[in-house]
Amino acid sequence: MIKPKQIEKNHLVLVVDDQEINRDALGIILEDNYEVIYAENGKIALELINEHIEDLSLVMLDLMMPVMNGFEVLEAMSASEHMKGIPVIVLTAEKSAELKALQMGAADFITKPFDMHEVILARVGRIIELSEGRQLISAAERDRLTGLYSRNFFREYANRLFTYHKELKLDALAINIEQFHSLNALNGREFGNDVLRLMGEEIRAFLAETVGIASRYDADSFYIYCIHQDDYAEVLDRLQKKVNAFSPNVNVHLRMGVEVWIDGVDPTQLFDRARAACNMARGDYQHPLKEYNDDMRKREMLNQRLLNDLRAAIAEEQFEVFYQPKYNIKHNPPKLVSAEALIRWRHPELGMVSPGSFIPLFEGNGLISLVDSYVWRKAASQVSEWVKKYNYKLPVSVNLSRADVFDLSLVNRLKKLLEDNGLSYNEIKLEVTESAYTDNANQLLEVISGLRNAGFQIEMDDFGSGYSSLNMLSSMPIDVIKIDMKFIRDIETNETDRRLVSMVIDIAKYLGVTVVAEGVETEGQLEILKTIGCDIVQGYYFSRPLPVAEFEMLIEREIGAKGEKL
Ligand code: C2E
Ligand code: CA
Ligand code: CA
């Protein structure tokens with residue numbers, strides 16, 4: 001049996017119902033534990049509330065009443081500074097009215113006819129307790145900009161709806177603004193704020209027509225938990241239209257992910273999936289609405305599997321480091337000058353797993369640091385191995401992730417790695433992707449500068465894929481830029497790309513920074529890069545990333561070409 005918390009009888013409860021039989025029924029349930037007063041319509045209720053404003057602990061409120069109904073009472077109460085602190089439990093026979101009442105500030109509801117006395121007492125006790133703990137629904141935290149619930153409040157509210165109101169069957173929607181970061185950068189924060197505000201406005205308008213709650217969950221990400229809609233495209237459409245009407249000259253693209261209600265699946269999971277679906281829609285302007293589907297479910301299961309298997313994979317050395325050569329094309333023939341270490345996972349059951357499918361996954365939760373350390377260790381010992389085997393020094397670049405940079409001991413760890421393998425600073429180089437520079441600029445710049453001051457060479461990876469501009473290059477702690485392969489791909493046919501690459505090379509030269517072109521696949525691309533003054537090239541034209549044994553054939557060829565003895 002559910003027992004109410006023992007509450008002294010000095011708590012005053014107001015029961016409002018036009019039916020005498022209901023008032024009596026509640027009286028029987030409550031009077032052993034509470035002081036109870038009664039009203040038969042909203043008007044009298046408000047008078048009594050005013051009269052007992054100091055010591056009233058709870059209002060139990062019928063919705064359908066003559067003279068003044070329960071909704072009007074709720075409205076009046078939430079509009080009054082004094083009354084809005086008093087919790088209200090709504091009494092209703094109608095399911096559809098419940099959430100509406102909750103939205104209007106009710107703390108809970110009880111359905112008629114009243115049967116389970118213990119349950120009612122427990123609820124009353126809990127609500128009074130909660131209200132005294134000031135954790136009231138009416139104390140909802142809202143986001144200032146949009147008027148929607150704060151993230152924490154939304155999370156709590158959604159869990160509560162899920163736990164106590166299973167009959168509601170709520171769907172999860174996640175909405176995002178494409179490239180919000182650059183929208184802000186290009187049009188100013190005010191513009192960005194206006195867009196967010198309008199979205200908040202339209203979401204509230206939508207919720208006024210249906211049943212649900214919403215939050216601005218992150219900077220530009222909105223969550224809606226609402227009863228099932230037949231056409232979510234329409235919902236996205238009305239938001240998009242609202243934004244378009246405001247900024248006819250700037251293209252603002254919204255995208256939406258949906259996960260519909262599934263029995264027993266909690267809001268956290270539903271929203272994880274809605275968010276995953278929303279991420280799948282990123283950049284897909286033709287299909288900005290995605291429902292969570294089987295592919296995503298499979299992907300999610302694979303992700304879970306990979307996450308579970310990671311530690312064993314490291315312990316059992318399932319990871320293997322491949323090496324892809326970089327050639328200096330100023331020499332004739334081109335000269336092998338370094339290599340990039342790229343990880344591969346030989347999974348015992350799944351076979352070869354490409355880094356494209358596990359790197360972003362591990363980047364998302366910081367586990368990438370484990371992988372990176374593994375690669376650095378292997379690469380460092382490989383470099384010293386080649387010195388021993390061939391008396392040949394080939395510097396190797398390793399990839400650094402954002403998460404690595406948060407490790408305060410990073411500089412010391414890398415230094416130690418060099419010491420342990422008897423290497424000098426120019427033998428292990430560090431690649432940092434460009435977008436990392438712009439995302440958490442200050443911290444990253446500090447750490448990277450620290451590495452560079454220690455003596456490491458820093459290569460900016462994927463240059464052109466992020467938002468850094470050319471003039472930022474001069475102030476960034478870098479020695480090399482690697483031009484993203486998407487600029488190289490069409491360089492033979494696309495005049496703009498060619499000019500762009502040429503310009504980057506000129507500026508880099510001026511700044512004394514070396515340029516590496518990535519993803520060079522054809523002779524034609526190579527010739528153009530030579531002509532416009534590129535120094536170093538990496539790509540399938542010379543070689544794919546290779547396992548050690550095969551890569552050693554490149555070394556042997558190189559040494560042979562120099563006429564040195566093996
Ligand atoms: P990335 O650092 O930009 O590495 C270059 C990727 O381009 C590699 O893919 C390489 O195989 C591929 N590639 C090289 N030449 C060509 C070409 O001519 N054409 C085409 N189409 N592709 C080419 P891979 O090995 O699949 O790695 C993908 C990404 O995974 C890497 O991009 C890097 O971001 C990440 N990654 C790989 N290994 C590690 C690692 O040890 N740590 C971290 N943090 N990331 C890694
Ligand atoms: Ca790289
Ligand atoms: Ca790259």
Participant: Judged by modelled atom types alone, do Ser424 and Asn426 share a side-chain donor-acceptor pair under 3.5 Å?
Facilitator: yes

Participant: Can you tell me how far CZ of Arg160 sits from CD of Glu156, rounded to the nearest 0.5 angstrom?
Facilitator: 9.0 Å

Participant: Is a salt bridge present between Glu492 and Arg498, judged by a nitrogen-to-oxygen distance below 4.0 Å?
Facilitator: no

Participant: Would you sort out whether Ile481 and Val504 count as a side chain to side chain contact (heavy atoms under 4.5 Å, CB included), showing the intermediate values?
Facilitator: CA-CA 9 Å; Ile481 61 174; Val504 171; 3.4 Å; yes

Participant: Do Asn421 and Ser381 meet the criterion of a side-chain donor-acceptor pair at a distance under 3.5 Å?
Facilitator: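 Judged by distance alone, the side chains do not pair up.
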
Participant: Kindly state each residue pair satisfying salt bridge (Lys or Arg N to Asp or Glu O under 4.0 Å) with at least one member in residues 269-288, sequence neighbours excluded.
Facilitator: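 Of all non-adjacent pairs touching residues 269-288, those that pass salt bridge (Lys or Arg N to Asp or Glu O under 4.0 Å) are Asp218-Arg275, Glu259-Arg273, Arg273-Glu300, Asp284-Lys290.
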
Participant: Just so I know, are the side chains of Leu342 and Asn399 near enough to count as touching, which here means a heavy-atom distance under 4.5 Å?
Facilitator: yes

Participant: What are the two closest non-hydrogen atoms of Glu556 and Tyr390, and how far apart are they?
Facilitator: OE2-OH, 2.6 Å

Participant: If you take the centroid of each ring, where Trp contributes its six-membered ring, are Trp386 and Tyr323 closer together than 6.0 Å?
Facilitator: yes

Participant: Might you work through the side chain to side chain contact (heavy atoms under 4.5 Å, CB included) test for Phe463 and Asp484, ending with a clear yes or no?
Facilitator: CA-CA 5 Å; Phe463 181 78; Asp484 196 77; 5.8 Å; no

Participant: Return a table of donor-acceptor pairs under 3.5 angstrom between the side chains of residues 539-551 and protein atoms on other chains or two or more places apart.
Facilitator:
none

Participant: Inspect the contact between Asp497 and Lys486 and indicate whether a charged nitrogen and a carboxylate oxygen are less than 4.0 angstrom apart.
Facilitator: no

Participant: Partners of Phe322 by ring pair (Phe, Tyr, Trp, His ring centres under 6.0 Å), sequence neighbours excluded?
Facilitator: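 Phe322: no ring pair (Phe, Tyr, Trp, His ring centres under 6.0 Å) contacts found.
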
Participant: Check this for me: does any side-chain nitrogen of one of Glu518 and Lys482 sit under 4.0 Å from a carboxylate oxygen of the other?
Facilitator: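 Judged by the 4.0 Å cut-off on N to carboxylate O distance, Glu518 and Lys482 do form a salt bridge.
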
Participant: Counting C-beta onward and ignoring hydrogens, is there a side-chain heavy-atom pair between Lys429 and Val396 closer than 4.5 Å?
Facilitator: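 Side-chain contact under 4.5 Å: no.
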
Participant: Any carboxylate oxygen within less than 4.0 angstrom of a Lys/Arg side-chain nitrogen, looking at Asp294 and Lys298?
Facilitator: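 Between Lys298 and Asp294 there is no salt bridge, as every charged N stays at least 4.0 Å from the carboxylate O atoms.
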
Participant: Ion pair present between Arg305 and Asp309, side-chain N to carboxylate O less than 4.0 angstrom?
Facilitator: yes

Participant: Whether Lys326 and Glu459 form a salt bridge (side-chain N of Lys/Arg under 4.0 Å from carboxylate O of Asp/Glu) is what I want to check.
Facilitator: yes

Participant: Is a side-chain donor-acceptor pair under 3.5 Å present for Glu446 with Ser449?
Facilitator: no

Participant: Provide the full list of ring-ring contact (aromatic ring centres under 6.0 Å, His included) pairs with a residue in residues 279-306, sequence neighbours left out, each pair given once.
Facilitator: His253-Tyr285

Participant: Taking only residues two or more places apart in sequence or in another chain, which ones pass salt bridge (Lys or Arg N to Asp or Glu O under 4.0 Å) with Lys330?
Facilitator: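 By the salt bridge (Lys or Arg N to Asp or Glu O under 4.0 Å) rule, Lys330 matches Asp535.
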
Participant: Ignoring hydrogens, what is the shortest heavy-atom contact between Ser397 and Glu431? Give both atom names and the distance.
Facilitator: CB-OE2, 3.4 Å

Participant: Assess, by modelled atom type and distance only, whether the side chains of Glu558 and Tyr392 contain a donor and an acceptor separated by less than 3.5 Å.
Facilitator: no

Participant: Please examine the side chains of Leu430 and Gln457, heavy atoms only from C-beta on, and report whether any two atoms are closer than 4.5 Å.
Facilitator: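 Gln457 vs Leu430: side chains apart.
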
Participant: Only counting residues at least two apart or in another chain, list the ones meeting ring pair (Phe, Tyr, Trp, His ring centres under 6.0 Å) with Trp345.
Facilitator: Phe319, His347, Phe358

Participant: Could you tell me if the ring centre of Phe271 sits under 6.0 Å from that of Phe154?
Facilitator: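 So the answer is yes for these two rings.
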
Participant: Checking Tyr217 against Arg155 for the side-chain hydrogen bond (donor to acceptor under 3.5 Å, both in side chains) test, could you report, in this order, the C-alpha distance in whole Å, the side-chain angles of both residues, the deciding distance, and whether it holds?
Facilitator: CA-CA 9 Å; Tyr217 207 74; Arg155 212 187 277 156; 3.1 Å; yes

Participant: Indicate the atoms forming the closest heavy-atom contact of Pro355 with Arg344, along with that distance.
Facilitator: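 Answer, listing the atom of Pro355 first, then Arg344: CG-NH1, 3.4 Å.
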
Participant: Going by atom types only, do Thr433 and Arg402 share a side-chain donor-acceptor pair under 3.5 Å?
Facilitator: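 Their side chains do not contain a donor-acceptor pair, so the 3.5 Å distance test is not met.
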
